[in-house]
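Structure first, commentary second.
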Amino acid sequence: MSQQKVDQYKKEKYNRKKQLQKDKRNRLIYKITGTVIAAAIVGWIGFSVYSRVQESKPVSYTEVNMDAVNDYMNTLD
């Protein structure tokens with residue numbers, strides 16, 4: 001091997017531990033980022049489906065007569 005190759009090998013060997021840590025950190029960052037993006041997409045799809053289902057449900061209204069409560073509140077004064 002030429003001296004240049006030997007020097008390059010020594011340099012790579014010297015920095016191998018740092019390089020492995022950097023690669024490990026990058027893989028972890030990619031995994032976390034991918035998980036967050038996937039969770040956001042699933043949540044968005046779930047919310048969209050839920051809102052469409054809620055829109056299609058018929059809305060029922062109930063009327064409440066508050067006259068008795070108002071009369072009672074007026075007698076307290």
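Just so you know, these numbers come straight off a predicted model, no measurement behind them.
Atom CG of Leu20 is separated from atom CG of Asn15 by 11.0 Å, given to the nearest 0.5 angstrom. A distance of 4.0 Å separates CD1 in Ile32 from CG in Leu28, rounded to the nearest 0.5 Å. In this structure, CZ on Arg16 lies 5.5 Å from OH on Tyr9, to the nearest 0.5 angstrom.
Of the candidates Thr35, Val36, Ile29, Thr33 forms a side-chain contact (heavy atoms from CB on, under 4.5 Å) with just one, namely Ile29. Of the candidates Lys11, Lys5, Gln4, Gln3, Asp7 forms a side-chain contact (heavy atoms from CB on, under 4.5 Å) with just one, namely Gln3.
A continuous path of hydrophobic side-chain contacts links Val69 to Val64 [ILVMFWY only; heavy atoms under 4.5 Å]. Both Met66 and Met73 are part of a single hydrophobic cluster, where members link through side-chain heavy atoms under 4.5 Å apart. In this structure, Ile37 is a member of the same hydrophobic cluster as Ile45, with clusters built from ILVMFWY side-chain heavy atoms closer than 4.5 Å.
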